[in-house]
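Scroll down for the structure; my scribbles are underneath it.
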Amino acid sequence: MRIVFWGSERGCGVTSNMLIVAAYLACRKGYRIVMMELAEERRGIETCFPKIEEWHMEEYIGTLIRRQLYYVSIREWERENGTSLSELINFLECNMDIIFVNLANRTDEKAKNLMRNADLVVVNLKQKNVDFDRYYAEYANLSKKNFLLIGNYYENEYCNKESLQKKYRIPKGQLAVIPNNPEYQIACERGSLERYIRRMQSRFVSAIKDQFLKAVGNAAEQIYVAASAEEE
């Protein structure tokens, strides 16, 4: 299964949203997930973790968490290996349950081709009407199967999930939110995401974390269901 994470602009949470959804599906649901980055990000996947636990396949594929969550160094792959990216993705599909691809805000032909061939494109948007207006005007046709995700979400804002679903007639199961969580953001920024993810599995969590993890779980499971659904 191929799931692409994309956003129309920088700062809409593509990387952080992808990481927490992947972590949930790997650690809570037991899927073997590999993540790859196909965009130059100031704060990418590798910077959120203290280290790669172990490398496989000549140091192209690294284990991040308990042999459930993996990372592919595309830079190393392209520099050292003559095999095309499509062949790498085909190989990973045979050995992993889910491939997550971070495209950030790329719209070049290579990125569009990856979106066309994905099982699902998760479009990351800010909690603003203007972002949704732009999405429906310019980007709604990027893929046959799109899913909308708002990160850093505040429930009490005027532009909330319910108002957005009503205004844009978003079908049930095609929009999810990941609430604002300073502790999670700090873990990403300080490169201590592995420790945070290990702690979040504990039952001894605060009410705020419970609310956050519940929303993450709902988003992750909706994304998995949407990606698994057959096209009509």
Side-chain angles (χ1 to χ4, degrees), residues 3-25 27-29 41-43 48 100 102-105 107 115 118-189 193 196-197 199-201 205-229:
I3 300 177
V4 167
F5 273 65
W6 178 84
S8 62
E9 59 181 280
R10 290 188 179 275
C12 58
V14 178
T15 301
S16 60
N17 291 342
M18 184 183 76
L19 283 169
I20 198 65
V21 169
Y24 178 91
L25 291 173
C27 298
R28 289 285 180 97
K29 296 297 182 178
E41 288 289 273
R42 181 182 64 84
R43 189 170 300 282
C48 296
F100 279 87
N102 180 2
L103 289 179
N105 61 334
T107 55
M115 286 190 268
D119 293 294
L120 187 71
V121 175
V122 179
V123 180
N124 296 262
L125 297 164
K126 293 180 181 178
Q127 193 176 352
K128 299 177 180 178
N129 281 316
V130 65
D131 277 35
F132 280 77
D133 288 339
R134 185 181 180 194
Y135 164 72
Y136 282 106
E138 300 179 27
Y139 302 116
N141 295 322
L142 284 172
S143 164
K144 293 181 180 179
K145 292 177 68 175
N146 292 341
F147 184 94
L148 307 182
L149 182 61
I150 305 172
N152 197 31
Y153 177 78
Y154 291 87
E155 179 64 37
N156 295 325
E157 292 288 319
Y158 171 76
C159 181
N160 58 32
K161 182 180 178 182
E162 289 71 25
S163 68
L164 289 166
Q165 284 184 307
K166 184 177 181 180
K167 178 177 180 179
Y168 297 100
R169 299 180 182 178
I170 302 171
K172 185 177 179 181
Q174 291 186 16
L175 171 66
V177 302
I178 295 179
N180 171 263
N181 186 321
E183 185 181 5
Y184 171 61
Q185 297 299 331
I186 290 170
C188 291
E189 291 169 6
L193 189 54
Y196 176 85
I197 291 170
R199 285 205 317 271
M200 84 178 189
Q201 296 180 82
V205 293
S206 69
I208 292 177
K209 288 182 189 175
D210 272 341
Q211 183 182 14
F212 176 68
L213 291 178
K214 183 178 180 180
V216 168
N218 287 338
E221 292 183 27
Q222 285 185 68
I223 287 169
Y224 183 81
V225 168
S228 303

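The first residue of the sequence shown is numbered 1, and numbering continues consecutively from there. Values reported hereafter were calculated over all heavy atoms of this structure, with side chains retained and with hydrogens, waters and symmetry mates removed.
Two residues are said to be in side-chain contact when any heavy atoms from C-beta on lie closer than 4.5 Å; Glu162 and Glu155 meet this criterion. At least one side-chain heavy atom of Leu164 sits less than 4.5 Å from a side-chain heavy atom of Ile150. Contact annotation: the side chain of Ile178 approaches that of Val21 to within less than 4.5 Å [non-hydrogen atoms, C-beta and beyond]. Using a 4.5 Å cut-off on side-chain heavy atoms (C-beta onward), Tyr139 and Val123 make no contact. In this structure the side chain of Val14 never reaches within 4.5 angstrom of the side chain of Asn105, judged on heavy atoms.
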### Task
Go through the steps for Ile20 and Val216 under the test side-chain contact (heavy atoms from CB on, under 4.5 Å), then give the verdict.
CA-CA 7 Å; Ile20 198 65; Val216 168; 3.8 Å; yes
#### Entry: side-chain contact (heavy atoms from CB on, under 4.5 Å) assessment of Ile223 paired with Tyr24
CA-CA 12 Å; Ile223 287 169; Tyr24 178 91; over 6 Å; no
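Here the side chain of Tyr153 pairs a donor or acceptor atom with the backbone of Lys161 at under 3.5 angstrom. Of the possible polar contacts, one joining the Gln127 side chain to the Cys159 backbone as a donor-acceptor pair under 3.5 Å is found. Between the Lys126 side chain and the Asp131 main chain, no donor and acceptor come within less than 3.5 Å of each other. Within the 3.5 Å criterion, the main-chain N or O of Asn129 finds no donor-acceptor partner in the side chain of Lys167. Panel note: side chain Asn124, backbone Val122; a donor-acceptor pair is recorded below 3.5 Å.
We find the CG-CD1 distance between Leu25 and Ile3 to be 7.0 Å, quoted to the nearest 0.5 Å. How far CG of Leu19 is from CZ of Phe5: 9.0 Å, rounded to the nearest 0.5 Å. From Asn17, atom CG reaches atom CG of Asn102 across 10.0 Å, with rounding to the nearest 0.5 Å. Here CG of Asn146 is found 9.0 Å from CH2 of Trp6. Values are rounded to the nearest 0.5 Å. Between atom CD1 of residue Ile186 and atom CG of residue Leu193 there is a gap of 13.0 Å, rounded to the nearest 0.5 Å. One distance of note links CZ of Phe147 with CG of Leu120; it measures 7.5 Å at 0.5 Å rounding.
Side-chain contact annotation: Asp133 with Tyr168, donor-acceptor N/O pair under 3.5 Å present.
Here the closest heavy-atom approach between residue Tyr184 and residue Ser16 is recorded as OH-O, 2.5 Å. Contact between Ala226 and Lys145 at its shortest, heavy atoms only, is O-NZ, 3.0 Å. Of all non-hydrogen atoms in Pro179 and Ala215, the two that sit nearest each other are CD-CB, 3.3 Å.
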